[in-house]
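Values below: every heavy atom of this structure, side chains too, minus hydrogens, waters and symmetry copies. Each chain gets a letter, A, B and so on, in the order the sequences are listed, and its residues count up from 1.
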Amino acid sequence: MDNTINFGIDLGTTNSAIAKFVKGEIIVFNNPLDYGRATLPSVVSYRKDKIVVGSKAKEYQEKDPKSVVGVFKRKMGTTESFKIKSINESKTPIELSAQVLKELKTFVNTGDTLDAAVITIPASFDLIQSNATKEAGYQAGFKQVVLLQEPIAASLAYANMKKTNDLTDGQWLVYDLGGGTFDVALVKIANSEMKIIDHEGNNFLGGADFDQMIVEKLIIPKLNAEYSFENLEEDMKSASGKYNAKYYVLLRRSEEAKIRLSAVSSAEITVDGFEDEGENEVDMEISITRTEFNELIKPSIDETIEMIKKIITRNSLTSIDLQFTLMVGGSTYIPYVRQRVEEILQIPVNCEIDPTTAVAVGAAHYAATKQKEISKSYKTKKQTAISIKTAYNKTSKEKEELFSARIKGNTEGLFYKIIRQDGGFDSGLKKLAERISEDLPLIENAYNFFTLTIYDNQNNIVETDVETIGINSGFGISGQPLPEDICLEVDDYDNPGQTRLALVFQRNTVLPTKRTLTFPLNKTVLKDSTDEVIRVNVLQGSHESLPESNKILGYILITGKNLTRNISKGSDIEITVSLSESQDLTVSAYLNMANQEFKETFNPKERHTPIELLKEQVDDLSDKLEDEILQAIEKEDYETASTLHKLSKEMEEIAGETQSLTLDDVTDKKYQLEDKKRKIAQKIDNATKDKRIGKAKEEYFETKAECQKLLDENGNDYERKSFNDIVVQEKAFFATNSPIKIQEKADELQNIIGQIRWRSPKFLLEIFSWLLQEQPKMNDHVQAKSLIEAGHFAANNKNWERLREVNFGLMDLLPRGAKEEATHKIGFGL
Amino acid sequence: MNDRITVPKAYIDLLDQVFEIEKKLESINEPNSIGRNVNRIKEIFENLMSDSGFIFQNPLGEKFNETRTDLEASIAGNSADNLVVTEVIKPIIRLRTNSGATTIVRKGVVVVESKL
């Protein structure tokens, strides 16, 4: 381990951050509970049994000011302390700052023990305030605390970013405008020592004020002009006012608009969702231009400039003496701030560093140069032997689940925290006791993982034997599992004219359940015609078997007579299948083009056997049987042929009986026939399975060999892994004896082949030259021409990515293949 | 948890818009079944990548307290007890993986009020 401090902390008035120096690079740690943010609001909240630091505390700041404290940095070094109502105790600014520092420690995910850090302080801090900051560091568990002034930290961040010695002997300004505070400092390097010569500041000026101004000065007047309100501003800003909730909505929207205005010249704020006093619905889009916004913040910005002028005059300087104004703090993203400061002062502004993390980054750079004074042997091992026994329901249908644990070992002075792994729950830091319990909120229908972490009083992690808490929400309790697969019959595009099954719900899915599948139609159905039909056929039984051998659960037939308009090939059909807990099946088919929905509920206690469908299926099955017999004879597989031949007799009988059924037959005959049909289908399935398995295996091995070859030539690690994953399972899926399963795996290999091919320049060029030949057939000649030009250009420049796109584009222009011309039974397929 | 997945901001922006449309649809009675299209878009997002996708969650009416780190709340009204989400400015956006686990990629932005 290095013997330098390496950690830098920006302990800010409104926001704090922590960074680390690692081999010349600076890592700014992300807030683990605030996605994408590296800062922590410097706000501490004391609830009855816990301490919350950061954005959660900030939310309560305004409404529970007696238990939430922020901006305590201003009081550092004073004897003043904050009375906390909820715990009936007073907390000093030092204690509060220590809480923020401790919370920052939880950001660090590199496994370091934090015993030393550089902490930044404002230029205005005197000795007492500085010592108070050090004390806060010690209270947070640091053995060594080095202080650094914020403007210097920002300057260091800049100097290190430039990696030059630009900053030798010169002076400049650091302009720090954050969320709620403003500071400016004059920094000088003389005799290779960076020093702060002078500073000014306002603790009540920042970005949050600008948001408020937008609401008060721009939005409220516009609302008053358009609608009738008695006292809108007061009703918004007063906590008991009737529009108080709206005020916060508008503040958020104003903040967003403000951020947008940094990039575009005008932004819209939508104001809606409430009524004025005359009960008129408020619905207004207020446009704010950059000019309006600039006018609004001008007085505030000018105030900051006045402060700078004071510094310049006080030090008998002119603009020429200053190299630049270094911009720090989130609000310096605003273009007007940069422009105005530059314009009036005639000093170039420097916006090259990230204004939100610059101070922490600079502190880390400084930390990398500071030796650790504490030797490793000094490090006291505070880790206690703690053993934790947990108790909780591993599955739950509740919104919250009670978790409890018994702690063995000395819990004195220890704290715990429970966090949900998706980042959506944080219990806050709570005192550890022999028994703890916590209501853990669950995300519905998902596996919820929580981690319980024990900390000592300086927020160092205490090692324990506790494991991740896993609670499964939603299933396994009362819902009954599905006994067999539920499938949808679809056209089989690999075998034109045939159908196959698409899995809707897998066996053991817990009821109730619902799923929507969308398919493009493969035929056009004309209104009032009966030539073409669409069939939605929901079946129960293994999705790997033949459609004929599964039991029909629900069937919807859509003919031209049912349609309000013609529907074309290529338009979508949305099929929603839902099963209630009592297995009532509801099938709905929605035709996008006609905006028509066909919906039916099927009760499992009554069987649905439409005679028409039965007749068709029996016919199909007879054809299939004859076909299979011929194939078997052809292959000299006489054993199979004879088995099948025996079946054909049975088949004939069923066919005869089915033909004689009238369409409105009310006897049980149809059910018996349906059963018989299914049995025959199963027998055919069994008799021909060997053949199909053989064929599937043969295809599988061919694909595998091809895939292996391509992988050796041009595969990447990911593809190799996918390939190996499939090959490893070979034994298992061969053992299922299911041709469909084997086919599925062959298809997966085929996908890998596709991926590799579409990357290889040779293949892309081949495809491209084939497409060139096909050009006359293409639909849109103008587009084809321009794509081909682009393709040549891409090929010449070896821009394979682009050539790939061009190939795809050209393929889209080709008329649909012959395969599409095949007759389709169902109307959509896979 | 610190291996942050970077999500293109455009996805988040699009989802926010879908959420807005869905919210607006609730209050109108329209004959063109726009809801279906919205549901389709949601499904597309849910299966955006081969093994993962985005879902949004509307926390309206849910209870709120300081342990809810999936929400960024403004507290309206006088009291800070028994808080309930009364207005949703932005929904919670989660990244869902095939194993069913989700990660919050954007917190919900809400207004909460005390409901006794």
Side-chain angles (χ1 to χ4, degrees), chain A residues 29-30 32-36 45 47 50 52 54-57 59-64 67-68 107 109 239-241 243-249 251-253 270 273 399 418-428 438-439 441 443 445-449 451 516 518 572 574 590 592 595 597, chain B residues 1-7 9 20 23-24 27 31-33 36-37 39-40 43-44 50 57 62-81 83 86-90 92-96 99-114:
Chain A
F29 292 101
N30 274 322
L33 289 167
D34 224 338
Y35 181 81
S45 150
R47 313 286 296 163
K50 62 184 139 189
V52 181
S55 43
K56 284 295 116 180
E59 282 164 5
Y60 282 82
Q61 196 171 8
E62 216 167 306
K63 298 300 149 145
D64 192 9
S67 303
V68 186
F107 285 25
N109 51 24
S240 52
Y243 300 122
N244 188 242
K246 274 291 142 196
Y247 180 62
Y248 293 106
V249 175
L251 275 181
R252 293 276 182 181
R253 299 220 165 123
T270 312
K399 286 191 164 169
I418 302 177
I419 289 176
R420 200 171 64 207
Q421 285 187 350
D422 70 332
F425 168 79
D426 174 7
S427 69
E438 193 78 40
D439 277 323
I443 313 167
N445 300 320
Y447 224 107
N448 289 262
F449 289 106
T451 40
T516 303
T518 307
D572 281 352
E574 275 175 45
Y590 171 76
N592 255 10
N595 191 19
E597 186 176 41
Chain B
M1 259 219 306
N2 282 294
D3 300 327
R4 296 275 167 199
I5 318 117
T6 41
V7 177
K9 189 170 173 292
E20 285 282 325
K23 208 165 79 171
K24 285 180 180 168
S27 57
N32 294 316
S33 55
R36 283 187 181 279
N37 302 82
N39 284 334
R40 272 295 290 288
E43 254 174 60
I44 292 168
S50 62
Q57 176 194 341
E62 291 177 13
K63 277 197 265 175
F64 177 84
N65 59 41
E66 72 280 352
T67 64
R68 286 204 63 166
T69 41
D70 54 352
L71 294 177
E72 228 178 284
S74 301
I75 305 170
N78 279 320
S79 165
D81 300 316
L83 295 170
T86 55
E87 194 140 0
V88 179
I89 303 169
K90 299 259 174 90
I92 305 166
I93 297 181
R94 294 168 180 279
L95 180 74
R96 179 196 55 82
S99 60
T102 65
T103 311
I104 292 166
V105 293
R106 216 276 318 278
K107 291 187 183 199
V109 181
V110 298
V111 176
V112 297
E113 278 176 274
S114 174

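The pair A:Lys399-B:Glu62 does not meet the salt-bridge criterion, since no charged nitrogen lies less than 4.0 angstrom from a carboxylate oxygen. Taking the charged nitrogens against the carboxylate oxygens, B:Arg36 and A:Glu597 do have a contact shorter than 4.0 Å, which makes a salt bridge.
Tested against A:Tyr248, the residues B:Val112, B:Val111, B:Ile89 include a single side chain to side chain contact (heavy atoms under 4.5 Å, CB included) partner, B:Val111.
The residue among B:Glu72, B:Lys107, B:Arg68, B:Lys90 with the most heavy atom pairs within less than 4.5 Å of chain A is B:Glu72. Interface check for chain B: of the options A:Tyr247, A:Phe449, A:Tyr60, A:Phe425, the most heavy-atom pairs under 4.5 Å are formed by A:Tyr60. When each of B:Ile92, B:Asn39, B:Asn65 is checked for heavy-atom pairs under 4.5 Å with chain A, B:Asn65 comes out on top.
A distance of 5.0 Å separates CG in A:Asp572 from CZ in B:Arg40, rounded to the nearest 0.5 Å. For the atom pair OG (A:Ser55) and CD (B:Glu66), the distance works out to 12.0 Å, reported to the nearest 0.5 Å. Put simply, CD1 on B:Ile44 and OG1 on A:Thr518 are 8.5 Å apart, with the number rounded to the nearest 0.5 Å. Rounded to the nearest 0.5 Å, atoms CG (A:Asp422) and CZ (B:Arg94) are 4.5 Å apart. To the nearest 0.5 Å, atom CZ of residue A:Arg420 and atom OG1 of residue B:Thr103 are 11.0 Å apart.
Annotation: side-chain contact (heavy atoms from CB on, under 4.5 Å) contacts of A:Ser67 (sequence neighbours excluded): A:Asp64, A:Ile84, A:Lys85, A:Ser86. The side-chain contact (heavy atoms from CB on, under 4.5 Å) test applied to A:Asp426 returns A:Leu33, A:Lys417, A:Ile419, B:Thr69, not counting sequence neighbours.
In this structure, the side chains of A:Lys50 and B:Thr67 come closer than 4.5 Å at one or more pairs of heavy atoms.
Within a 6.0 Å sphere centred on NZ of B:Lys24, other residues, nucleotides and ligands contribute 12 heavy atoms or fewer.
Of all heavy-atom pairs spanning B:Ala76 and A:Ala245, the tightest one is CB-CA, 3.4 Å.
For a residue to count as touching a neighbouring chain, one of its non-hydrogen atoms must lie under 4.5 Å from one of that chain's; by this rule A:Val249 touches chain B with backbone and side chain alike. Contact annotation for B:Leu83: only side-chain heavy atoms (C-beta onward) come within less than 4.5 Å of a heavy atom of chain A.
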